[in-house]
Amino acid sequence: MTSKITRREFSLLLAAATMLASPALAEEAVAAAPEIKDFFLGSADAKVKIVEYASFTCPHCADFHAQNMPKLKSEYIDTGKVQFTMREFYRNRFDLWAGMMARCGGEMKYFYVNDLLFDRQQEWAATDDPNTIIANLKTIARTAGMDDAAVDACLKDKVVAEAMVARFNTNAEADAVEGTPTIFINGTRYSNMAYADLKAIIDAELAK
């Protein structure tokens with residue numbers, strides 16, 4: 001697996017927009033590309049900055065979040081010691097659709113939706129049928145307080161989809177990320193790890 005999206009893969013990722021968009025929407029290619037921002041948890045002034053590249057369909061990413069995130073949040077993020085940023089890694093079009101849905105609720109709901117996507121990964125992503133995936137994502141969106149009309153509008157936004165894929169390509173290429181989860185702690189790259197190892201690295205950084 002490579003981090004750079006090929007022309008064919010780019011077309012597949014944009015299937016979220018072309019599959020769901022009406023003809024009228026498909027013609028609206030003149031809108032300016034929106035800014036795709038990183039969302040983060042914790043203090044911007046935290047001494048330790050963690051950036052995780054994660055795929056919503058990656059089982060190892062789901063395990064990392066299930067095993068590490070609750071303790072990381074309570075011990076380090078909520079106490080102002082760590083700032084955590086997740087960067088979406090799109091292995092396939094389902095990852096892109098999940099990312100578009102997660103961003104649909106805005107920054108306030110982003111990480112809550114992320115938790116739902118990882119917690120329920122084996123349910124919503126356990127199929128290759130695009131229509132079932134969309135239906136499953138809408139179920140998660142309703143749990144997060146979003147209605148179907150809002151999610152439809154987000155998934156039909158081809159301009160946003162293009163901007164998200166472009167942002168992903170730029171970030172993944174700049175950081176030479178080829179797989180998930182990939183974790184950067186104060187700029188140093190790490191692969192998947194147990195919480196004890198993550199904690200040891202954080203504590204070492206805090207002690208500097």
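Quick caveat, the model's predicted, so the values are computed rather than measured. The figures that follow rest on heavy atoms only: side chains count, while hydrogens, waters and symmetry mates do not.
- Residues N169 and Y90 bring no donor and acceptor atom of their side chains to less than 3.5 Å of each other.
- With sequence neighbours excluded, the residues satisfying side-chain hydrogen bond (donor to acceptor under 3.5 Å, both in side chains) with D129 are T132.
- Applying the salt bridge (Lys or Arg N to Asp or Glu O under 4.0 Å) criterion to D78, with sequence neighbours excluded, gives K73.
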Please report, to 0.1 Å, the donor-acceptor pairs under 3.5 Å made by any side chain of residues 46-56, with sequence neighbours excluded.
unit_1	atom_1	unit_2	atom_2	d
K47	NZ	L206	O	2.9
K47	NZ	K208	O	2.3
K49	NZ	A44	O	3.3
K49	NZ	A46	O	2.6
E52	OE1	H65	NE2	2.8
Y53	OH	R87	NH1	3.1
Y53	OH	N171	O	3.1
Y53	OH	D175	OD2	2.5
S55	OG	T57	N	3.2
S55	OG	T57	OG1	3.2
S55	OG	C58	N	3.4
S55	OG	R91	NE	3.2
S55	OG	D95	OD1	3.0
S55	OG	D95	OD2	2.8

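- Shown here are the side-chain contact (heavy atoms from CB on, under 4.5 Å) partners of D115, two or more places apart in sequence or in another chain: D119.
- Screening residues 96-113 for salt bridge (Lys or Arg N to Asp or Glu O under 4.0 Å), with sequence neighbours left out, gives E88-R103.
- Every residue was checked against the ring pair (Phe, Tyr, Trp, His ring centres under 6.0 Å) condition with Y190, not counting sequence neighbours, and none meets it.
- By the side-chain hydrogen bond (donor to acceptor under 3.5 Å, both in side chains) test, N186 is found to be paired with E205, residues two or more places apart in sequence or in another chain being considered.
- For D63, there are no salt bridge (Lys or Arg N to Asp or Glu O under 4.0 Å) partners at least two apart in sequence or on another chain.
- By the salt bridge (Lys or Arg N to Asp or Glu O under 4.0 Å) test, E75 is found to be paired with K199, residues two or more places apart in sequence or in another chain being considered.
- R142 pairs by the side-chain contact (heavy atoms from CB on, under 4.5 Å) definition with K138, T139, D148, not counting sequence neighbours.
- When the side-chain hydrogen bond (donor to acceptor under 3.5 Å, both in side chains) test is applied to S43, no partner is found at least two apart in sequence or on another chain.
- The side-chain hydrogen bond (donor to acceptor under 3.5 Å, both in side chains) check on T127 picks up nothing, with sequence neighbours excluded.
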